[in-house]
Amino acid sequence: MEKEQLTAEEIDAEIERLSKSPYVKLARDTANKAKQQKLYRLRSLDKKGRQIAKNLGVDLEE
């Protein structure tokens, strides 16, 4: 089955429609929260790693 080719106007209309979708907003918010959580976990691990290196007397900075 061959895919239907969309015109530039149809693509613009679809982008506009989806941009206003509450489902797109929900998905973006969820993705952003997941990124924030990852950032917090990485910061925490960095802090713990720095403390471990300090306790061992190791300098890992380049």
Side-chain angles (χ1 to χ4, degrees):
M1 183 174 213
E2 200 172 308
K3 283 192 172 189
E4 177 184 330
Q5 293 293 322
L6 298 176
T7 65
E9 292 81 19
E10 290 171 329
I11 292 171
D12 290 340
E14 183 71 4
I15 289 171
E16 183 69 24
R17 182 187 71 78
L18 289 171
S19 295
K20 295 177 182 179
S21 170
Y23 298 110
V24 171
K25 183 180 184 316
L26 177 62
R28 282 184 177 153
D29 290 345
T30 302
N32 189 41
K33 287 178 184 175
K35 282 184 181 180
Q36 283 180 330
Q37 287 300 315
K38 184 175 184 176
L39 175 63
Y40 298 150
R41 282 191 304 269
L42 288 171
R43 284 181 179 167
S44 177
L45 288 171
D46 182 68
K47 184 178 177 181
K48 288 177 186 178
R50 288 176 186 273
Q51 186 61 47
I52 291 168
K54 181 180 175 186
N55 291 343
L56 295 174
V58 177
D59 185 14
L60 299 177
E61 296 289 331
E62 292 183 17

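Note: hydrogens, waters and symmetry copies are ignored here, and every other heavy atom, side chains too, is used. Since we're looking at a predicted model, the values are computed, not measured.
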Indicate every side-chain donor-acceptor pair of residues 11-18 with a distance under 3.5 Å to a residue at least two apart or in another chain.
from	atom 1	to	atom 2	distance (Å)
Glu14	OE1	Arg17	NE	3.3
Glu14	OE2	Arg17	NH2	2.8
Glu16	OE2	Lys20	NZ	3.3

Would you mind writing out the side-chain donor-acceptor pairs for residues 45-52 within the sub-3.5 Å range, not counting sequence neighbours?
from	atom 1	to	atom 2	distance (Å)
Asp46	OD2	Arg50	NE	2.8
Arg50	NH1	Glu61	OE2	3.0
Gln51	NE2	Asn55	OD1	3.1

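Under the side-chain contact (heavy atoms from CB on, under 4.5 Å) criterion, Arg41 pairs with Gln37, Lys38, not counting sequence neighbours. A search for side-chain contact (heavy atoms from CB on, under 4.5 Å) contacts involving Ser21 returns Tyr23, Val24, not counting sequence neighbours.
Applying the 4.5 Å side-chain rule to ILVMFWY residues, one finds that Leu26 remains a lone member of its cluster.
Every pair passing side chain to side chain donor-acceptor pair (under 3.5 Å) that includes a residue from residues 26-35 is listed here, sequence neighbours excluded: Lys25-Asp29.
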